Chemist: 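The following block contains the structure, expressed as structure tokens.
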Amino acid sequence: DDVCRLFEIEPDRAVRTGFYRDNLHLHTRVVSAEERDSALLAALREGPDGPGIVYVTRQKTAEEIAGRLVDAGWSARAYHAGMSAEERSAVQEWFLGATDALVVATIAFGMGVDKADIRRVIHYNPPKSLENYAQEIGRAGRDGQRSVCQLLFCPDDLNPLENFIYGDTPERSALAGLIKQLFEMGEQFDIALGTLSDRHDIRPLVLRTLLTYLQLDGYLHEGTPYYADYRFQPLTSSARILDRFTGERREFLARLFRQAHRARTWFCIDLAASARALRCDRERIVRALDWLAEQQLLELKVAGMHNRYKRLRRPDDETALVDNLHQRLQRREAAELNRLQQVVAMLVSRDCRSRALAAHFGEALDADCGHCSACLGDVCELPGRSRMEPPATLSADLAPLLQAHADALGSPRQLTRFLCGCSSPVFTRRKISREPNFGRLVELPFAEVLAWAEGSMGAS
């Protein structure tokens with residue numbers, strides 16, 4: 001409905017293909033953490049045979065499960081965002097060409113994978129929402145043949161998933177610092193979002209959300225982004241390149257090449273400084289380098305994306321704006337937690353899984369599918385989560401780290417994010433996420449860890 005409204009599409013011209021696919025068999029099984037690996041192997045043995053994807057939440061889990069499957073005789077590889085682009089590409093190409101391959105992946109895998117014969121999608125960890133679930137199981141059986149989508153649900157998985165959601169919400173002080181900087185930068189400015197994220201310790205996706213709020217509320221207007229860092233490697237001598245030109249164009253390129261400085265094998269060029277030196281606009285330099293690359297006279301690499309913004313108005317009250325943004329992020333946090341609970345509600349329901357999932361997206365099925373877990377009578381009660389307590393030695397164990405990184409871990413919420421394994425820009429920059437205590441309480445609910453951190457820091 002939003003797409004039709006925003007693009008002014010008439011209702012009778014909107015094509016809705018539906019979400020239900022009768023060749024997908026949706027199975028769920030409640031398991032304990034101890035029996036989940038054996039349940040995964042059993043699900044693979046039950047078939048159907050053919051390529052498959054095993055979805056997990058964490059990168060470390062992807063590596064561990066892929067290794068266990070290989071040890072058990074399966075053809076499996078891990079795939080996650082922590083791998084290099086070359087490694088991910090190699091796994092994807094291997095999967096596309098195989099008839100029995102298993103990829104153990106985070107949600108980084110799947111987009112753009114055009115493979116019609118995926119016979120099984122197994123969720124080793126539950127998805128974060130019904131939207132994620134529908135998208136991930138939708139990668140199975142695109143050839144129309146029977147495919148099984150198995151979800152192994154362990155109640156203890158809810159804590160880490162909830163913790164990731166809580167970990168997205170930044171400190172109010174971080175929002176205050178962001179707003180202060182944005183409205184001190186002049187009427188027009190450009191900035192690298194990575195730099196902004198690092199400086200204020202706000203995750204990139206959350207930062208994007210905040211900037212979108214400011215645009216929707218009429219404070220900022222975003223312009224066309226650009227790459228700040230250009231590097232090139234000539235594929236022939238500069239003399240031969242210049243011999244292809246005459247007059248002003250030859251002189252311009254010669255002066256442009258003199259602006260570059262060599263760093264090992266690549267030449268680096270500062271576009272802003274070069275534009276000033278050559279008395280031309282930045283776009284002419286970009287066009288020239290792009291053309292030379294198209295003609296295979298040089299190899300070009302670009303990086304360092306900067307985003308342009310124009311300030312449309314200033315806030316009447318910066319404190320009120322910060323409070324408003326913080327409240328909106330808290331509502332976003334609550335909405336994400338509710339989306340996770342919708343997954344749980346579907347798992348424990350005795351109603352047809354396919355029918356419930358279609359209804360979530362506004363599609364009414366005339367009858368039950370007849371082949372999901374609920375239709376087959378395979379419904380389990382959901383046990384409670386395991387109860388754990390922080391180790392008695394935790395405060396003493398953390399003392400040296402808190403002393404060394406008092407600014408990065410100086411608030412109860414920051415310490416809680418660290419203990420629950422929630423990454424943040426400052427943790428990455430300081431390499432704090434490599435500390436042995438990072439994620440030590442990942443299995444505990446965020447609220448309980450926060451209460452412990454508040455008590456521990458208050459006592460100290």
Side-chain angles (χ1 to χ4, degrees), residues 2-9 168-231 252 256 259 268-291 293 300-333 335 424-426 428-429:
D2 284 340
V3 170
C4 289
R5 175 178 57 82
L6 292 169
F7 288 95
E8 299 180 353
I9 299 172
D168 268 348
T169 305
E171 299 270 13
R172 188 192 177 284
S173 59
L175 296 178
L178 173 68
I179 293 302
K180 186 175 188 300
Q181 180 182 355
L182 288 176
F183 289 98
E184 286 180 348
M185 295 188 69
E187 187 174 341
Q188 298 192 42
F189 61 91
D190 59 83
I191 194 165
L193 296 190
T195 301
L196 206 60
S197 172
D198 286 349
R199 178 171 180 176
H200 300 288
D201 197 29
I202 300 174
R203 287 184 178 178
L205 183 59
V206 180
L207 176 62
R208 265 290 186 188
T209 300
L210 289 166
L211 291 169
T212 299
Y213 288 159
L214 293 173
Q215 291 178 74
L216 292 173
D217 292 346
Y219 292 104
L220 300 177
H221 173 74
E222 184 175 8
T224 304
Y226 68 91
Y227 288 104
D229 302 325
Y230 272 67
R231 293 187 299 161
F252 173 78
L256 176 60
Q259 294 296 317
C268 302
I269 186 165
D270 183 328
L271 294 189
S274 298
R276 289 192 298 269
L278 301 179
R279 297 184 180 181
C280 68
D281 58 32
R282 178 183 179 282
E283 284 67 27
R284 184 180 183 186
I285 298 175
V286 171
R287 287 196 302 271
L289 293 173
D290 285 343
W291 188 88
L300 187 63
K301 286 187 177 181
V302 295
M305 176 165 298
H306 280 227
N307 292 70
R308 292 187 174 105
Y309 290 94
K310 180 179 180 180
R311 188 183 68 228
L312 302 179
R313 66 184 177 99
R314 289 183 178 276
D316 296 329
D317 185 337
E318 281 194 11
T319 300
L321 176 58
V322 170
D323 288 339
N324 176 269
L325 292 174
H326 195 232
Q327 290 165 9
R328 288 164 85 166
L329 289 182
Q330 288 178 320
R331 290 195 295 270
R332 177 179 179 268
E333 179 180 273
S424 80
V426 73
T428 302
R429 186 174 71 251

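Note that the structure is predicted; figures quoted are calculated from it, not measured.
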Chemist: Nearest heavy-atom pair of Ile285 and Ala275: which atoms, and what distance?
Modeler: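 Result for this residue pair: CD1-N, 3.6 Å.
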Chemist: Measuring only between side-chain heavy atoms, which start at C-beta, is Val286 closer than 4.5 Å to Tyr230?
Modeler: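 In short, these two side chains touch, coming nearer than 4.5 Å.
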Chemist: Which heavy atom in Asp270 sits nearest to a heavy atom in Ala272, and how many Å separate them?
Modeler: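 Reported closest heavy-atom pair: OD1-N, 3.1 Å.
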Chemist: To the nearest 0.5 Å, what is the distance between CE (Met185) and CG (Leu196)?
Modeler: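 Rounded to the nearest 0.5 Å, the CE-CG separation comes out at 7.5 Å.
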Chemist: Applying side chain to side chain donor-acceptor pair (under 3.5 Å), name anything that partners Thr169, two or more places apart in sequence or on another chain.
Modeler: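 For Thr169 the side chain to side chain donor-acceptor pair (under 3.5 Å) partners, ignoring immediate neighbours, are Glu333.
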Chemist: Does His306 have any ring pair (Phe, Tyr, Trp, His ring centres under 6.0 Å) partners at least two apart in sequence or in another chain, and if so, which?
Modeler: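 Ring pair (Phe, Tyr, Trp, His ring centres under 6.0 Å) list for His306, sorted by chain: Tyr226.
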Chemist: Can you sort out the partners of Gln327 under side chain to side chain donor-acceptor pair (under 3.5 Å), two or more places apart, ordered by chain and number?
Modeler: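 With neighbours one apart ignored, the set is empty.
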Chemist: Using the test ring pair (Phe, Tyr, Trp, His ring centres under 6.0 Å), find all partners of Tyr309 that sit at least two apart in sequence or belong to another chain.
Modeler: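 Scan of Tyr309 (ring pair (Phe, Tyr, Trp, His ring centres under 6.0 Å), adjacent residues dropped) gives Phe189.
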Chemist: To check you understand the geometry: which heavy-atom pair defines the closest contact between Ala288 and Phe252, and what is its length?
Modeler: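 Where Ala288 meets Phe252 most closely, the heavy atoms are CB-CE2, 4.1 Å.
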Chemist: Of the non-hydrogen atoms in Pro425 and Ile202, which two are nearest, and what is the gap between them?
Modeler: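 The answer is CG-O, 3.5 Å.
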Chemist: Quick one: CD on Glu318 to CG on Leu182, what's the gap to the nearest 0.5 Å?
Modeler: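 It is 9.5 Å, given to the nearest 0.5 Å.
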Chemist: Give every residue pair that meets the salt bridge (charged side-chain N to carboxylate O under 4.0 Å, His left out) criterion with at least one member in residues 192-205, sequence neighbours excluded.
Modeler: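 For residues 192-205, and leaving out neighbouring residues, the salt bridge (charged side-chain N to carboxylate O under 4.0 Å, His left out) pairs sorted by first residue read Asp168-Arg203.
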Chemist: Evaluate the criterion side chain to side chain contact (heavy atoms under 4.5 Å, CB included) for residue pair Tyr227 and Leu271; output intermediate values, then yes/no.
Modeler: CA-CA 9 Å; Tyr227 288 104; Leu271 294 189; over 6 Å; no
Chemist: Walk me through it: do Ile179 and Leu210 pass the test side chain to side chain contact (heavy atoms under 4.5 Å, CB included)?
Modeler: CA-CA 10 Å; Ile179 293 302; Leu210 289 166; over 6 Å; no
Chemist: List for me each residue that meets salt bridge (Lys or Arg N to Asp or Glu O under 4.0 Å) alongside Glu222, sequence neighbours excluded, and say none if there are none.
Modeler: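 Applying salt bridge (Lys or Arg N to Asp or Glu O under 4.0 Å) to Glu222 gives Arg208.
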Chemist: Would you say CG of Asp281 has more than 12 non-hydrogen atoms from neighbouring residues, nucleotides or ligands within 6.0 angstrom?
Modeler: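 Yes, CG of Asp281 has more than 12 neighbouring heavy atoms, counting only those of other groups under 6.0 Å.
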Chemist: Sort and list the pairs that fulfil salt bridge (charged side-chain N to carboxylate O under 4.0 Å, His left out) and have at least one residue in residues 179-191, not counting sequence neighbours.
Modeler: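 As it turns out, the salt bridge (charged side-chain N to carboxylate O under 4.0 Å, His left out) pairs with a partner in residues 179-191, which skip direct neighbours, are Lys180-Glu184.
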Chemist: Please check this pair: side chain of Arg308 against backbone of Thr224, looking for a donor-acceptor N/O pair closer than 3.5 Å.
Modeler: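 Yes; at least one donor-acceptor contact below 3.5 Å.
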Chemist: Where is the tightest heavy-atom contact between Gly218 and Leu312, given as atom of each residue plus distance?
Modeler: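 Looking at all heavy atoms of both residues, the shortest contact is O-CB, 3.4 Å.
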Chemist: Check whether any side-chain heavy atom of Leu193 sits under 4.5 Å from a side-chain heavy atom of Pro204, and report yes or no.
Modeler: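 Of all side-chain heavy-atom pairs linking Pro204 with Leu193, none is under 4.5 Å.
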Chemist: Please name all residues satisfying salt bridge (Lys or Arg N to Asp or Glu O under 4.0 Å) with Arg284, sequence neighbours left out, ordered by chain then number.
Modeler: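 Partners of Arg284 under the salt bridge (Lys or Arg N to Asp or Glu O under 4.0 Å) test: Glu248.
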Chemist: So, using side chain to side chain donor-acceptor pair (under 3.5 Å) as the criterion, who are the partners of Asn324 when residues are at least two apart?
Modeler: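 Side chain to side chain donor-acceptor pair (under 3.5 Å) list for Asn324, sorted by chain: Arg328.
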Chemist: Could you tell me the separation between the CG atom of Leu207 and the OG1 atom of Thr212, rounded to the nearest 0.5 Å?
Modeler: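 So the CG of Leu207 and the OG1 of Thr212 are separated by 9.0 Å.
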Chemist: Return the minimal non-hydrogen interatomic distance between Val322 and Ala176, and the atom names on each side.
Modeler: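 Heavy atoms of Val322 and Ala176 come nearest at CG2-CA, 3.7 Å.
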Chemist: Can you list everything that forms a salt bridge (Lys or Arg N to Asp or Glu O under 4.0 Å) with Asp323? Sequence neighbours excluded, please.
Modeler: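 Applying salt bridge (Lys or Arg N to Asp or Glu O under 4.0 Å) to Asp323 gives Arg172.
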Chemist: Using the six-membered ring of Tyr219, assess whether NZ or CZ of Arg313 lies under 6.0 Å from its centre and within 45 degrees of the ring axis.
Modeler: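 Geometry flag: set, cation within 6.0 Å and 45°.
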Chemist: Can you tell me how far the CG atom of Asn307 sits from the CD1 atom of Ile191, to the nearest 0.5 Å?
Modeler: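 Output value for this atom pair is 9.0 Å.
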Chemist: Applying side chain to side chain donor-acceptor pair (under 3.5 Å), name anything that partners His200, two or more places apart in sequence or on another chain.
Modeler: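 Gln181.
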Chemist: Compare all side-chain heavy atoms of Leu178 with those of Leu325 and state whether any distance is below 4.5 angstrom.
Modeler: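 Contact flag for Leu178/Leu325 side chains = no.
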Chemist: Quick one: CG on Leu321 to CZ on Phe183, what's the gap to the nearest 0.5 Å?
Modeler: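 It is 6.0 Å, given to the nearest 0.5 Å.
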Chemist: Once you round to the nearest 0.5 Å, how far does SG of Cys268 lie from CG of Asp229?
Modeler: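 So the SG of Cys268 and the CG of Asp229 are separated by 8.0 Å.
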Chemist: Can you name the residues that form a salt bridge (Lys or Arg N to Asp or Glu O under 4.0 Å) with Arg5, not counting sequence neighbours?
Modeler: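 By the salt bridge (Lys or Arg N to Asp or Glu O under 4.0 Å) rule, Arg5 matches Asp2.
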